[in-house]
Amino acid sequence: MSYSRLEARAWAKENMKGICGCLLPTFTSDLSKVNERAVRHDIDLEKQLGMSSALIVSECGTTFEELLRITEISVDEAGDDLQIVVHAALPTLQDNIRLVQESEKRGATYVLLSYPLTFYPRTEQEVFDYTKAVADSTNLGVIVFAMHLWNFRRLHPSHFSPRLIGRMIDEIPNVVAVKSEVGGPGVGGIAEIFHKYRDQVIVMDPIESNSPAWHSMYGMQWMGTSNYEAYGPWVARYFDLMREGRFDDAMEIYWRIHPVREADSAVVGQAVAGTAMVHRYLWKYQGWLNGFNGGPMRAPLSRINDGQMAQLRAAAVAGGLDVTDSPDHEFFTGRNPA
């Protein structure tokens, strides 16, 4: 990655394409440090499965220094084949500024900006100021993450004001994309963001089941970040087919993997309901079924149980994925134990 803040948007328009998966860090069996072999295994598989980029998820119990080490490993293993996205989801503004700056030095490409648990803005200006403070600290392209989990409903009915997004685009030159998950029920809120801003920045809805509509209507060129590892190579494959104009071929794949989509909606949706926490262990298990490392992560995380694993495995088989024959107990040690 090599671009300035003023070049970031044009660079992203040209180079930000395809599917962005999620790297869930793996630790050694005693949880004392990062398992480098496991991280390299997973980055290499992201490339093999056709992902164009990967988010280093920062919500798996990693320390600040461990996140930087994972970034170094990931950038090295990715080479020129995979863009690395920083997950600015640490507890404070200063933590996130440091993370972004240090990750930029280590070769990361973009930053997905979250908002801390203790961040309770009373005005849109406070959200703007926080976003701008992080963006101003780096040349990295910033992905504005507009979603309902931030608890911004008091500021706008959609949970993240379209007007505020427009102001960020107008006044922060290295805002390169909007990850839009707002305005539910329905997709009106997301459609508004596409309609207003798709010509200025990359707009995407990370929910893969919506991708045929958004690509057909607005030419969505990049999708992320989410649990696409649950589908093996197939989300990246059908998304590329859509972008090549082979919509019918893409939809054949889309429907073939529908059992996975249904189980993911049922199992993960139920686990997340009422918690405002992504169930990372379920995501990691789904990836493990498709060849990813699996293995230990640190608390705080929700526990995964036999019933959930059985339902997700059966769905992956029904969807025609190349599912591992390894018994489920091996998931907890991983493919590269250390």
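Source: prediction; values computed, not measured.
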task: Determine, for Tyr231 and Arg237, whether the Lys NZ or Arg CZ falls below 6.0 Å from the six-membered ring centre while staying within 45 degrees of the axis.
output: no
query: Any side-chain donor paired with an acceptor under 3.5 Å for Thr225 and Lys179?
result: yes
query: Parallel under 30°, tilted from 30 to 60°, perpendicular over 60°: which one fits the rings of Tyr115 and Tyr130?
result: tilted
- prompt: Do side-chain atoms of Glu104 reach the backbone of Asn139 as a donor and acceptor pair under 3.5 angstrom?
  reply: yes
- request: Please determine, by modelled atom types, if Asn336 and Asn293 share a side-chain donor-acceptor pair under 3.5 angstrom.
  value: yes
- prompt: More than 12 non-hydrogen atoms from neighbouring residues, nucleotides or ligands closer than 6.0 Å to CG on Asp322, yes or no?
  reply: no
field: Interatomic spacing from NE2 in His148 to CD in Glu181 - rounded to 0.5 Å
entry: 7.5 Å
task: Quick one: sort the Trp11 and Tyr3 rings into parallel, tilted or perpendicular, breaks at 30° and 60°.
output: tilted
- prompt: When the ring planes of Tyr254 and Tyr238 are compared, do they come out parallel, tilted or perpendicular, using 30° and 60° as the limits?
  reply: perpendicular
- request: Report yes or no: does Arg106 contribute a side-chain atom to a donor-acceptor pair with the main-chain N or O of Val75 at less than 3.5 Å?
  value: no
message: In this structure, would Trp214 and Ile207 fall into the same cluster of hydrophobic residues linked by side-chain contacts under 4.5 Å?
response: no
task: Measure the shortest side-chain to side-chain distance between Met223 and Asp205 over non-hydrogen atoms and say whether it is less than 4.5 angstrom.
output: no
- line: Taken to the nearest 0.5 Å, the spacing of Ile304 CD1 from Leu312 CG works out to 6.5 Å
Check: Ile43 and Leu23 side chains under 4.5 Å, non-hydrogen atoms: yes
- request: Give the intermediate values and the outcome of side chain to side chain contact (heavy atoms under 4.5 Å, CB included) for residues Cys20 and Val85.
  value: CA-CA 9 Å; Cys20 183; Val85 183; 3.9 Å; yes
query: Looking at Gly232 and Leu321, what are the two nearest heavy atoms and their distance?
result: N-CD1, 4.5 Å
field: Nearest heavy-atom neighbours spanning Gln48 and Asp44
entry: NE2-OD2, 2.7 Å
query: Going only through I, L, V, M, F, W and Y residues with side-chain contacts under 4.5 Å, is there a path from Val111 to Phe64?
result: yes
task: Could you tell me whether Arg243 and Asp240 have a side-chain N and a carboxylate O separated by less than 4.0 Å?
output: yes
task: Decide yes or no for Val57 and Trp283: does some side-chain heavy atom of the first lie under 4.5 Å from some side-chain heavy atom of the second?
output: no
message: Between Glu192 and Lys196, does any side-chain N to carboxylate O distance fall below 4.0 Å?
response: yes
Non-neighbouring partners of Phe239 that pass ring pair (Phe, Tyr, Trp, His ring centres under 6.0 Å), sequence neighbours left out: none
query: If we only count heavy atoms from C-beta on, is the Thr26 to Pro296 side-chain gap below 4.5 Å?
result: yes
- prompt: Under the 3.5 angstrom rule, does the side chain of His41 hit a backbone N or O of Glu36 as a donor-acceptor pair?
  reply: no
field: Under 3.5 Å: donor-acceptor pair, side chain of Arg335, backbone of Ala38
entry: no
- prompt: Where is the tightest heavy-atom contact between Arg9 and Ile169, given as atom of each residue plus distance?
  reply: NH2-O, 2.9 Å
task: Could you walk me through whether Val134 and Leu93 pass side chain to side chain contact (heavy atoms under 4.5 Å, CB included), step by step?
output: CA-CA 7 Å; Val134 176; Leu93 173 61; 3.6 Å; yes
message: Quick check against the 3.5 Å criterion: does Gln101 have a side-chain atom that pairs as donor or acceptor with the backbone of Ser137?
response: yes
field: Rounded distance [0.5 Å steps], OG in Ser326 versus CG in Leu289
entry: 9.5 Å
- prompt: Is any side-chain heavy atom of Lys17 less than 4.5 Å from a side-chain heavy atom of Ser52?
  reply: no
- request: Check whether any side-chain heavy atom of Met168 sits under 4.5 Å from a side-chain heavy atom of Phe128, and report yes or no.
  value: yes
- prompt: Between Arg69 and Glu66, is there a salt bridge with N-O shorter than 4.0 Å?
  reply: no
query: Going by atom types alone, do Arg167 and Gln125 pair a side-chain donor with an acceptor below 3.5 Å?
result: yes
- request: Taking atom types as modelled, find out whether Tyr228 and Glu208 have a side-chain donor-acceptor pair closer than 3.5 angstrom.
  value: no
- prompt: Is Asn174 reaching over with its side chain to a backbone N or O of Val142, donor-acceptor style, under 3.5 angstrom?
  reply: no
- prompt: Where the side chain of Ser265 meets the backbone of Arg261, is there a donor-acceptor pair that is under 3.5 Å apart?
  reply: no
query: For Gly141 and Val176, which heavy atoms make the closest approach, and how far apart are they?
result: CA-CG1, 3.7 Å
task: For Tyr197, enumerate each residue passing the side chain to side chain donor-acceptor pair (under 3.5 Å) test, keeping only those at least two apart in sequence or located in another chain.
output: none
- prompt: Would you say the side-chain atoms of Ser29 pair up with the backbone N or O of Ala338, donor to acceptor, closer than 3.5 Å?
  reply: yes
message: Applying ring-ring contact (aromatic ring centres under 6.0 Å, His included) as the test, list every pair that has at least one member in residues 287-324; sequence neighbours left out.
response: Tyr285-Trp288, Trp288-Phe331
query: Gln308 side chain to Asn305 main-chain N or O, any donor-acceptor pair under 3.5 Å?
result: yes
Point-to-point distance, once rounded to the nearest 0.5 Å, from CE of Met242 to OG of Ser216: 7.0 Å
- request: Check whether the side chains of Asn290 and Gln286 place a donor and an acceptor atom closer than 3.5 Å, and report yes or no.
  value: no
query: Does one hydrophobic cluster hold both Leu112 and Phe152, with members joined at side-chain heavy-atom distances below 4.5 Å?
result: yes
query: Closest approach of Lys284 and Leu24, non-hydrogen atoms and distance?
result: NZ-O, 2.8 Å
message: Could you check whether any side-chain N or O of His156 sits under 3.5 Å from a backbone N or O of Ser158, counting only pairs where one atom can act as donor and the other as acceptor?
response: yes
message: Looking at Arg163 and Glu124, is there a salt bridge between them, counting it only when a charged N and a carboxylate O are closer than 4.0 Å?
response: yes
message: Just checking Asp306: does its CG atom have more than 12 heavy atoms from other residues, nucleotides or ligands closer to it than 6.0 angstrom?
response: no
- prompt: Does the separation of the ring centres of Phe119 and Trp150 fall below 6.0 angstrom?
  reply: no
- prompt: If you measure from CG on Leu68 to CD1 on Ile73, what distance do you get to the nearest 0.5 Å?
  reply: 11.0 Å
query: Would a 4.5 Å heavy-atom cut-off, applied to side chains only, mark Leu49 and Ile19 as touching?
result: no
task: Determine, stepwise, if the pair Val39 / Glu77 fulfils side chain to side chain contact (heavy atoms under 4.5 Å, CB included).
output: CA-CA 9 Å; Val39 173; Glu77 191 67 28; over 6 Å; no
- request: Consider only side-chain heavy atoms of I, L, V, M, F, W and Y, link residues closer than 4.5 Å, and tell whether Leu155 and Val178 are in one cluster.
  value: yes
- prompt: Would a 4.5 Å heavy-atom cut-off, applied to side chains only, mark Ser302 and Tyr281 as touching?
  reply: no
message: Under the criterion side chain to side chain contact (heavy atoms under 4.5 Å, CB included), I'd like the reasoning laid out for Glu59 against His87: C-alpha separation, chi angles, the key distance, then a yes or no.
response: CA-CA 9 Å; Glu59 300 166 337; His87 192 192; 3.6 Å; yes
- prompt: Under 4.5 Å between side-chain heavy atoms, hopping through other hydrophobics if needed: is there a path connecting Met217 to Leu241?
  reply: yes
- request: Please report the closest heavy-atom contact between Ala177 and Met204, naming both atoms and the distance.
  value: CB-CE, 4.1 Å
query: Roughly how far, to the nearest 0.5 Å, is the CD1 atom of Ile193 from the CD1 atom of Ile165?
result: 3.5 Å
